[in-house]
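Lettering of chains follows the sequences in order, A, B, ..., and the numbering in each one begins at 1.
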Amino acid sequence: MYAQVIVDVPTMQTNQPYTYHIPSLFSEALIRGMRVVVPFGKGNRLVQGFVTDISDTTDQPDKLKDISQIVELEPVLNDELLQLATWVADYNFAFRISVFQTMLPNVMRARYSKVLRLIEPNELNHLPQIQALFADRDEVPFDVDNVDMTLVPTLLKLQKKRIIEIGYVVNNRAKVKKINAFKPIKSVDFYQEQRQQLRPSAVKQARLLSYLMQSPQTFVPVKEVIKSYQLDYAVLKQAEGKGWIVQKPLESYRIPKLSTPVKNSQPLTLNAEQQEAYIAIANNISENDTKTFLLEGVTGSGKTEIYLQAIAKALSEGQTALMLVPEITLTPQMVRRVKSRFGDDVAVMHSGLSDGERYDEWRRIQRSEVHVVVGARSAVFAPLKNIGLIIIDEEHESSYKQDENPRYHARDVAQWRANFHHATLVLGSATPSLESRARAQKNVYHLLTLEHRATNGMLPETQVVDMREAIKHGGDDIFSPQLIEAIQNRLTKQEQIVLMLNRRGYANFLVCRECGFTPRCINCDVALTVHKDISRLVCHYCGYSETIPTKCKNCGSTRIRQFGSGTQKVAEQLSEQIPQARVIRMDVDTTRRKGSTDQLLTAFGNHEADILLGTQMIAKGLDFANVTLVGVLNADTTLSLPDFRASERTFQLLTQVSGRAGRGDKPGKVIMQTFNPDHYAIQLARQQDYEAFYHQEMALRHAWKYTPYYFTIQIKFAHEKIDESAKAAYEIANWLKNIIDNETIMLGPATGTIPRIKNKYYYRLVIKYRHDEKLIQALGSLIKKGQQLQKQGITIIIDREPINFM
DNA sequence: AGCACGCCGACT
DNA sequence: GTCGGCGTGCTC
């Protein structure tokens, strides 16, 4: 028997499986999709691999090596996921091994280590240092911490002489958590008798015996009983010794907990619009028809309730459901809502989990112990079987696209899985991506619209404030008088306020008033951002930081001015101008710690603060009935980005954040401060008119030949030297020119928007095409070439349908 | 990554 | 004539 194995060798990736011989010992147990350990290369060093196929013949039976080990008894990838991995790898020009690694919990990624084994101990007599290293052991770890690197040449010589050998070890980090449990093994009468014989002072033993008389006959965790019956470990140990009970370690799941307990909830009554959308989705679930719905509903229109009832429908059909939500910000809130409806039948998967929690949630799904999965992007690979429904909430969110290899889009993966399972796919958003909305236009997707808020509330009234005017009349560039007045008005009414600005840190950057010098990052071509709380200038691209200078480094002047304002500075200004307001600041800096997002939001929900001030992470999903005012301090920062999606992003962000206002029975108001009051993205966001925006933006995309009229691919080249990176870019561009279709458009090569990041210089190439099979094939071969170029220090990144043009 | 092969210069 | 420098290429 022979197995096809995709091996995990860092830096030597290939999509080609290697054939291994299956020793007869494993021939029964080995199944496709399992992890194995195989010898690889001249030194037969051991690496992890995934079995993608098993066959009983091979065309090269002589030179094959044996599989060394099977990692676990169950396959970690089923046939669906194996097929999906191949598709994801090919579609995104990635390697299958890296797809396997993204599909599986982190702990399944092998860690490799080396050991030194002593073969001929007597040969070391004249080498005291080596003897000391082994110190009577015959195997020691071989790494920097353990072995003095100056000994390495000697060790290599000894290895040649077969006095010692270097062994490779594959460490499996997937560990199951065990807790101690026990159960009674004697009769109730026996315990009764023992109890009567106890001396009166043996209180704890007496308590244990009373417990045992009425305890269940199954294993119960030791810890729980000790706590509720005030016992201790010693008593149980003693009881075990006397043969009263047996103890054994029991497998236990690490289930992620929310900061506060989840209350149960019941389905809400749907209004007419919701009902119509729900029926369409529910009927499709019953019919097991592969269909994609685009649920376009204004903010607050009750999309989540439709999702929950649709999930219930899938469950009632005996099927499972997968729901994707954007990364962490709103995950706790959404997880809470789903768990409140489906309880323990829900597994969650997002980046906030520890490795152990993630592994255990994955196993609960794998073992079909849960039927509902809620999670961020990578949850789209959850090993659910018999999927009836996949939901992607806020489908326009850019976090659904992974910005490292494999650069997959969760929407594409979801579509593939929906096809595979004949499942219903629901894409929901108040502001769908143009791609999705255009597909609905062409009837590829079925459009369902919700035009009204679920609670009959009105959409908030929106006012655009021209900051050029505000400044002309002597105002500052952070708060217009209109906004200050509105904030004060809500404070007196005990109502809450959400303020968004798109910039973390304190000030944007420093400028010397004498010479115009701005401190820049030493690794990247960007200005450093002032962070006042830690008194440092910080690079938001690589994390480099330095102290805030008091004198200009260029001319020595002390006249340094801070330009622009970040969340820190605005929070400070706010406490000066409106001292009575209690403010919660929410940005990457205050939410870095695990669970802090949930904590901050819970505090705001309990009205422990009046104002929630944050970056765009607060724009999405928040649902607080008492928020009646939303202020956008700089509505246009995202507009000036050099990206064809800048208008779309701005429109989505403004619409989303506006939707935070007036979700309860009190009317909401939105104030947008901008220097571009007439821009269509801002004007149409003010009117909350998605359809008008869609039509206007589509016309521009058509004129400029961009998505969704054309497909795009971006190729990036990075090298420490600028001319090397340019050379690679031009070489590849010239090669591609001769291959691509006549109608395909190639832009560049040009330097990246930020030419240097983390000391690497970037060049890029943007390709726009409609149908170009040759191009796709060429790029498939380019990833092989990329492996060779990597050795010369050149990194090639191929990004299909890129979301960021950097 | 890591190991072998191979082709060239410095040395016993 | 041999040892060892690291450039190149392959790994079932």
Checklist entry - With respect to the side chain of A:Arg45, which nucleotide from C:dT11, B:dA1, B:dC3 is positioned closest? => result B:dA1
Checklist entry - Is the centre of the A:Tyr408 ring less than 6.0 Å from the centre of the A:Phe381 ring? => result yes
Checklist entry - A:Arg417 side chain to A:Val380 main-chain N or O, any donor-acceptor pair under 3.5 Å? => result yes
Checklist entry - Considering only heavy atoms, which members of residues 18-33 of chain A lie under 4.0 Å from some atom of DNA chain B? => result none
Checklist entry - With sequence neighbours excluded, what pairs up with A:Asn92 under the side-chain hydrogen bond (donor to acceptor under 3.5 Å, both in side chains) test? => result none
Next on the checklist: Is the phosphate of C:dC12 approached by A:Lys65 (side-chain N or O, under 4.0 Å from OP1 or OP2)?
Outcome noted: yes
Checklist entry - Yes or no on side chain to side chain donor-acceptor pair (under 3.5 Å) for A:Glu743 and A:His771, after CA distance, side-chain angles and deciding distance? => result CA-CA 9 Å; A:Glu743 282 186 44; A:His771 180 82; over 6 Å; no
Next on the checklist: If I take atom CD1 in residue A:Ile67 and atom P in nucleotide C:dC12, what distance separates them, rounded to the nearest angstrom?
Outcome noted: 13 Å
Item to check | Close side-chain approach of A:Leu775 and A:Ile739, heavy atoms under 4.5 Å | outcome: no
Checklist entry - Relative to A:Tyr253, does A:Arg363 satisfy both conditions: NZ or CZ under 6.0 angstrom from the six-membered ring centre, and within 45 degrees of the ring's axis? => result no
Item to check | Between B:dG6 (P) and A:Lys42 (NZ): distance, integer Å | outcome: 11 Å
Item to check | Closest nucleotide among B:dG2, C:dC12, B:dA1 to the A:Gln16 side chain | outcome: C:dC12
Checklist outcome for this item: Between CG of A:Leu46 and C1' of B:dA1 the distance, given in whole Å, is 14 Å
Checklist entry - CD1 of A:Ile166 versus C1' of B:dC3: gap in Å, rounded? => result 11 Å
Checklist entry - With a non-hydrogen cut-off below 4.0 angstrom, is A:Gln4 in contact with a base, only sugar-phosphate, or nothing? => result nothing
Next on the checklist: Without decimals, in angstroms, what is the distance between A:Asp8 CG and B:dA1 P?
Outcome noted: 13 Å
